[in-house]
Protein chains: 2
Amino acid sequence: MVLWAEKEEILGLFKETPLFSGLTIETQKIFANTAVTCSIPKGQVIYMEENHADFFYIIKKGWVKLFRETFDGTEAVIDILSSSHIFGEFSIFDNGIYSSSAQAVEDSILISLPTSILKEQIEKDPKLAFNMFAVMSRYQRQQDKKIEHLTLQTTSQRIGCFLLRLCPQNQKTDIVIQLPYDKILLASRLGMKPESFSRSLNILRDKTGIRISGARVEIDSISQLTDFSCKGCSSSYPCEDI
Amino acid sequence: MVLWAEKEEILGLFKETPLFSGLTIETQKIFANTAVTCSIPKGQVIYMEENHADFFYIIKKGWVKLFRETFDGTEAVIDILSSSHIFGEFSIFDNGIYSSSAQAVEDSILISLPTSILKEQIEKDPKLAFNMFAVMSRYQRQQDKKIEHLTLQTTSQRIGCFLLRLCPQNQKTDIVIQLPYDKILLASRLGMKPESFSRSLNILRDKTGIRISGARVEIDSISQLTDFSCKGCSSSYPCEDI
DNA sequence: CGAGGGTTTGAAGTGCATCAAATAGTGTGG
DNA sequence: CCACACTATTTGATGCACTTCAAACCCTCG
């Protein structure tokens, strides 16, 4: 099933994903042997909340949105993930059911892996178990911070905070970054409406002196941005790992 | 150091905490031997965010608030915990540093246990590791849901949702419950100001026919409450495990 | 009884959402 | 290369939700 070249590529991808890093080549091969690469067009739903979770996924390319829908049709975006990130893996502790839905928001290439193998190997391989703990704990800190942001930061501060996390950590001045996906999606990722996003971004621009044209953002000096955004947060820049 | 009777009591408490349930008596004793019971008066800080995490805690009695403070002095309440709940344990995957502060909000009795033992034993005892996974994954679902609530529910709906979670699951009508701690704390737990809480509770009363006097809440029929609160949420009553 | 915190209420302001409409940007077929 | 359709984004006007500040009311505990 799995071609040699593809398998090599998959093993390469494993190196970059925290869950698989540092595993023995044997364990890695167990996963690689059951891996299936699939192309998902933009907009396609990968799985639905409450569905039985047979697979978890590594993103090779593209962007994936995790979300949940309420009865009245509105959706809450849990997270938006890109290359070398993994999703659906928590289902193994969740009665084998996905706790959110997943959808490709750009044309994407995913590696699917059976959750059964993950469950099996976690029990056998202490290093894998340790990695899983690390992944979960990291995710947890992220979620905690997200709650803090939603509770305490204004929409403009949240956007500023997001921009700061896109900046290269070593560079302090004359930074140019690109918004990673469209503004509508970004708005929902930050828990606001597109209109609010647009207006809040203008406010942020006026208060911090950044320049925006389309998806391009120029930041002359990080400090104006941190002064504005980080005062409504318990961490100071640079936030280690959000 | 540890008296026999106290040790028995601690082992009894272990049975009720998911992290320790089902462990061999040997493993349990390793923990019990290093356990120290401490009384914490209302208002006392147990540990501060960013501090080195030598201990984690089981609550034997009382209420403990986990929170984080921003630079401008406002605080975000992460969680409020009661008997048989455990806290501070995630620090072992967090560079040995507490990721939030903890404070007793009622006179409380805690069992402190060294994080070093937990770290050691998780590597040795697969059952303990499994329990830890279960605890983390449960916490994760809770946090996800909290984000959803903050994003999609109104303040009144959030209060209704909280009340529903206090109701005994089997009873559908003529329920009387007590708010577990004071309304100021409850407000911050639900991400709102005391004044907003008060007003929103009035709105909830008017819309769902519940009666409130002080901390006492009478609910004639669950269904009015679920109709009002659960429409802004992806789960339906009863929410399994928040 | 009086002090002090918890709780409610009132008035006014802010932030974000909503609805509606204009504008910019992108890809299509001609 | 243009006209068109369609989507993304911005802007304007308005409303609702929540906060803020101030003051009153309660309750309880010394």
Side-chain angles (χ1 to χ4, degrees), chain A residues 41-43 63 65 70 72-77 80 105-107 149-161 178-207 211-217 228-229 231-232, chain B residues 41-43 63 65 70 72-77 80 105-107 149-161 178-207 211-217 228-229 231-232:
Chain A
K42 176 172 176 171
W63 288 92
K65 173 177 76 174
T70 66
D72 54 14
T74 50
E75 76 173 34
V77 173
I80 294 175
V105 289
E106 296 294 337
D107 290 343
H149 287 168
L150 286 172
T151 316
L152 303 174
Q153 286 187 318
T154 65
T155 44
S156 297
Q157 285 175 327
R158 290 212 291 281
I159 298 174
C161 180
Q178 296 284 128
L179 301 181
Y181 32 82
D182 70 38
K183 293 180 181 177
I184 291 182
L185 196 57
L186 191 41
S188 66
R189 159 75 174 73
L190 296 174
M192 62 190 92
K193 300 290 156 186
E195 297 94 326
S196 297
F197 180 88
S198 178
R199 284 186 244 267
S200 303
L201 187 56
N202 286 343
I203 293 171
L204 184 69
R205 164 169 47 70
D206 297 346
K207 298 217 178 183
R211 282 181 305 283
I212 301 143
S213 63
R216 181 189 165 93
V217 180
F228 176 77
S229 292
K231 68 183 167 204
Chain B
K42 175 172 177 169
W63 287 91
K65 172 177 78 176
T70 66
D72 55 14
T74 49
E75 75 174 33
V77 173
I80 294 176
V105 289
E106 297 294 338
D107 290 343
H149 288 169
L150 286 171
T151 315
L152 301 176
Q153 287 187 316
T154 64
T155 45
S156 298
Q157 287 175 326
R158 291 213 290 281
I159 298 174
C161 179
Q178 296 285 129
L179 300 180
Y181 33 81
D182 68 39
K183 293 180 180 178
I184 291 183
L185 196 58
L186 191 41
S188 65
R189 159 74 173 73
L190 296 174
M192 62 190 93
K193 301 290 157 186
E195 298 93 327
S196 297
F197 180 88
S198 178
R199 285 185 244 267
S200 303
L201 187 55
N202 287 343
I203 293 170
L204 184 68
R205 164 168 48 69
D206 297 344
K207 298 216 178 185
R211 284 182 301 286
I212 301 142
S213 64
R216 180 190 166 92
V217 180
F228 177 77
S229 291
K231 68 182 168 205

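Just so you know, these numbers use all the heavy atoms, side chains as well, and skip hydrogens, waters and symmetry mates. In what follows, every chain begins at residue 1, and chains take the letters A, B, ... in the order their sequences are listed.
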Q: Nearest to the K193(B) side chain among dT18(C), dC16(C), dT19(D), which nucleotide is it?
A: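 Selected nucleotide (nearest to the side chain): dT19(D).
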
Q: Over all heavy atoms of both residues, which pair between G191(B) and T151(A) is shortest? Give the atoms and the distance, please.
A: CA-CG2, 4.2 Å

Q: Consider only side-chain N and O atoms of T70(A) and T74(A), and report whether a donor and an acceptor are under 3.5 Å apart.
A: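 Yes - a donor-acceptor pair under 3.5 Å links their side chains.
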
Q: Does a side-chain N or O from T154(A) land closer than 4.0 Å to OP1 or OP2 of dG15(C), or not?
A: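 Looking at the OP1 and OP2 atoms of dG15(C), neither is under 4.0 Å from any side-chain N or O of T154(A).
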
Q: Counting only side-chain nitrogens and oxygens, does S196(A) get under 4.0 Å of the OP1 or OP2 atom of dC16(C)?
A: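 Result: no.
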
Q: Rounded to whole Å, please give me the gap between NE2 in H149(B) and P in dA17(D).
A: 19 Å

Q: For dT11(D) and N202(A) - does any side-chain N or O of the residue sit under 4.0 Å from the phosphate oxygens OP1/OP2?
A: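 True: N202(A) side-chain N/O within range (under 4.0 Å) of dT11(D) OP1/OP2.
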
Q: In whole Å, I'd like the distance from the CD atom of Q157(A) to the P atom of dG15(C).
A: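 Distance check: Q157(A) CD to dG15(C) P gives 10 Å.
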
Q: To the nearest Å, give me how far apart CG (L201(A)) and P (dC16(C)) are.
A: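 Taking CG of L201(A) and P of dC16(C), I get 14 Å after rounding.
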
Q: How many whole angstroms separate atom CG of D107(A) from atom P of dG27(C)?
A: 12 Å

Q: To the nearest angstrom, how far is L150(B) atom CG from dC16(C) atom C1'?
A: 15 Å

Q: To the nearest angstrom, how far is L204(B) atom CG from dA17(D) atom C1'?
A: 15 Å

Q: Counting only side-chain nitrogens and oxygens, does K183(A) get under 4.0 Å of the OP1 or OP2 atom of dT10(D)?
A: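 For dT10(D), OP1 or OP2 has a side-chain N or O of K183(A) closer than 4.0 Å.
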
Q: By nearest atom, which of the nucleotides dA22(D), dT19(D), dT9(D) is closest to the D182(A) side chain?
A: dT9(D)

Q: Between R199(B) and N202(B), is there a side-chain donor-acceptor contact under 3.5 Å, judged purely by atom types and distance?
A: no

Q: Using heavy-atom distances to pick each residue's nearest nucleotide on DNA chain C, tell me which of R199(B) and I184(B) is more 5'.
A: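 Whichever sits nearer the 5' end wins; that is I184(B).
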
